[in-house]
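Report on the following structure.
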There are 2 protein chains.
Amino acid sequence: MPKNEFTCDCNVIHKDVVDNTIKNMPNEDLFNKLAEFFKILGDTTRVKILFALDQNEMCVCDIANVLGMSKSSISHQLGTLRRSGIVKCRKSGKEVFYMLDDEHVKQVFEIGVQHIEHRR
Amino acid sequence: MPKNEFTCDCNVIHKDVVDNTIKNMPNEDLFNKLAEFFKILGDTTRVKILFALDQNEMCVCDIANVLGMSKSSISHQLGTLRRSGIVKCRKSGKEVFYMLDDEHVKQVFEIGVQHIEHRR
DNA sequence: TTGACAGTTGAATAAGTATTCACATATAAT
DNA sequence: ATTATATGTGAATACTTATTCAACTGTCAA
């Protein structure tokens, strides 16, 4: 994590480009949220969960079975995804059904998938 | 990381959904690449670098100045981004100019930015 | 009320990673 | 050749985090 503006150990080579870029940089908050968003997507287990939920809403046990993992592990990851606004859920009796939070999330995820499929 | 199909500790509740989802799951390789791609984007420093490169190609020192960080740190991150096919570079004398690798990367990144800006 | 099952959660361990430091390489200018 | 500058990189440290384990809550059925 950057500490302050004096951490840099070299000269400005292209002053105009540097000045202009600094002028256009959004605030720290946007970068933190953006990185956090991508970071949440950047885990094999979570990506698999999202791929499953991109097709059907599913309960915890079903997801655990699809991925061959423990309920606890899946529940932890779903909690992470929910707190990040990437999935939401609805309760029905003993079961909790999870789904992608909105169309926007769905779109970003699917473009990511296309990006990878496009590259091989 | 999942070990095998017997790691799951609960019953299948909705057999049709589970079977169908398993049938549609891509191979492990796609999930790993997809997660890796998002993971690389999921760091505040790298997101800032990409935001800068989304406007201009820039050399290492200029990026270090824009972010207020050391050359070494920036160089390490640029190496990570380059090995992942997210940025590319061209040499010019002593300097190395970095830029986003292609339009696809640019698009995914910008949609991510829109996603965050949309949410506040 | 008792048992069974779906899901959640805190703590601990194990694995991964960003930055720093010290040094190496490469190019240009004197 | 020598110096200065731009960049790359291996190792170490500090920090983060995914999964497991063990407990817990809540709901349904007998």
Side-chain angles (χ1 to χ4, degrees), chain A residues 1-4 6-14 17-18 31-32 35-36 38-49 57-65 67-84 87-98, chain B residues 1-4 6-14 17-18 31-32 35-36 38-49 57-65 67-84 87-98:
Chain A
M1 293 294 151
K3 287 187 266 302
N4 59 55
F6 304 104
T7 325
C8 178
D9 58 354
C10 55
N11 298 322
V12 171
I13 300 181
H14 309 90
V17 172
V18 170
F31 288 123
N32 288 333
E36 182 64 20
F38 284 131
K39 191 186 295 180
I40 298 296
L41 297 180
D43 176 82
T44 305
T45 300
R46 287 192 290 266
V47 155
K48 287 178 183 171
I49 292 174
E57 63 170 26
M58 293 178 76
C59 67
V60 178
C61 272
D62 286 344
I63 299 172
N65 274 283
L67 305 199
M69 296 176 69
S70 68
K71 279 181 302 184
S72 175
S73 177
I74 299 299
S75 183
H76 273 297
Q77 296 293 15
L78 286 170
T80 300
L81 289 165
R82 195 172 41 74
R83 282 187 297 277
S84 306
V87 306
K88 60 186 176 184
C89 62
R90 68 178 176 84
K91 295 191 70 170
S92 172
K94 278 188 292 187
E95 298 163 20
V96 179
F97 289 92
Y98 282 87
Chain B
M1 294 292 153
K3 288 188 265 303
N4 60 57
F6 304 104
T7 325
C8 179
D9 57 353
C10 55
N11 297 321
V12 171
I13 300 180
H14 309 91
V17 172
V18 169
F31 288 123
N32 288 333
E36 182 65 19
F38 284 131
K39 191 186 294 180
I40 297 295
L41 297 180
D43 176 82
T44 306
T45 300
R46 288 193 289 266
V47 155
K48 288 177 184 173
I49 292 174
E57 63 171 25
M58 291 178 77
C59 67
V60 179
C61 271
D62 286 343
I63 298 172
N65 274 284
L67 304 198
M69 295 176 71
S70 68
K71 281 180 300 183
S72 175
S73 176
I74 299 299
S75 183
H76 273 297
Q77 296 293 16
L78 286 169
T80 300
L81 288 165
R82 194 171 42 73
R83 282 188 297 277
S84 305
V87 305
K88 60 185 175 185
C89 62
R90 68 176 176 84
K91 295 190 68 169
S92 172
K94 279 186 292 189
E95 298 164 18
V96 179
F97 289 91
Y98 282 86

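The chains referred to below are lettered A, B, ... by the order of the sequence lines, with proteins before strands, and numbering in each begins at 1. Just so you know, these numbers use all the heavy atoms, side chains as well, and skip hydrogens, waters and symmetry mates.
- Between the CG atom of A:N11 and the C1' atom of C:dA28 there is a distance of 15 Å, rounded to whole Å.
- For the side chain to side chain contact (heavy atoms under 4.5 Å, CB included) criterion with A:K48, the lone passing option out of A:L67, A:I74, A:D43 is A:L67.
- Rounded to an integer number of Å, the gap from A:K94 NZ to D:dA30 P is 11 Å.
- Put simply, CZ on A:R83 is 12 Å from C1' on C:dG10, counting in whole angstrom units.
- Between the side chain of A:S72 and the base of C:dT8, no donor-acceptor pair of N or O atoms lies under 3.5 Å.
- When the nucleotides C:dA18, D:dA18, D:dA6 are ranked by their closest atom to the side chain of B:C61, D:dA6 comes out on top.
- Between the OH atom of A:Y98 and the P atom of C:dG7 there is a distance of 8 Å, given to the nearest Å.
- Remark: P of D:dA6 and CG of A:D9 are 11 Å apart, rounded to the nearest angstrom.
- Distance check: A:C89 SG to A:F97 CZ gives 11.5 Å after rounding to the nearest 0.5 Å.
- In this structure, A:C10 reaches neither bases nor backbone, as no heavy-atom distance under 4.0 Å exists between it and the strands shown.
- D:dA6 atom C1' lies 11 Å from atom NE2 of A:H14, rounded to whole Å.
- Judged by distance alone, with hydrogens and angles left aside, the side-chain atoms of A:N65 form a donor-acceptor pair with the main-chain N or O of A:C61 at under 3.5 Å.
- Across C:dA26, D:dA6, D:dA18, the shortest atom-to-atom separation from the side chain of B:K91 is found for C:dA26.
- Contact annotation: side chain of B:H76 to base of C:dT20, donor-acceptor pair present below 3.5 Å.
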Side chain to side chain contact (heavy atoms under 4.5 Å, CB included) evaluation trace for B:K71 with B:S75 = CA-CA 6 Å; B:K71 281 180 300 183; B:S75 183; 5.9 Å; no
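- Here B:F97 lies out of heavy-atom contact (under 4.0 Å) with every strand.
- A donor-acceptor pair is defined here as one N or O able to donate and one able to accept, closer than 3.5 Å; no such pair exists between the side chain of A:D9 and the backbone of B:S70.
- With the nearest nucleotide of DNA chain D identified for both B:S73 and A:S92, B:S73 has the one nearer the 5' end.
- Side chain A:S70 to base D:dC21: no donor-acceptor pair is found below 3.5 Å.
- Under the 3.5 Å distance criterion, the side-chain polar atoms of B:R90 are left unmatched by any main-chain donor or acceptor of B:V96.
- Listed nucleotides C:dA6, D:dT19, D:dT7 differ in distance to A:E95; the shortest reach to its side chain belongs to C:dA6.
- Using a 4.0 Å heavy-atom criterion, one finds that B:I13 contacts the sugar-phosphate atoms exclusively.
- A:K71 has its NZ atom 15 Å from the C1' atom of D:dT19, to the nearest Å.
- Map A:E36 and B:G79 each onto its nearest nucleotide of DNA chain D; the residue landing nearer the 5' end is B:G79.
- Residue A:V60 has its side chain nearest to C:dT8 when only D:dA18, C:dT8, D:dG10 are considered.
- Between A:R46 and D:dA18 there is a side-chain polar atom (N or O) within less than 4.0 angstrom of OP1 or OP2.
- Protein atom CE of B:M69 is 16 Å distant from nucleotide atom P of D:dT7, rounded to whole Å.
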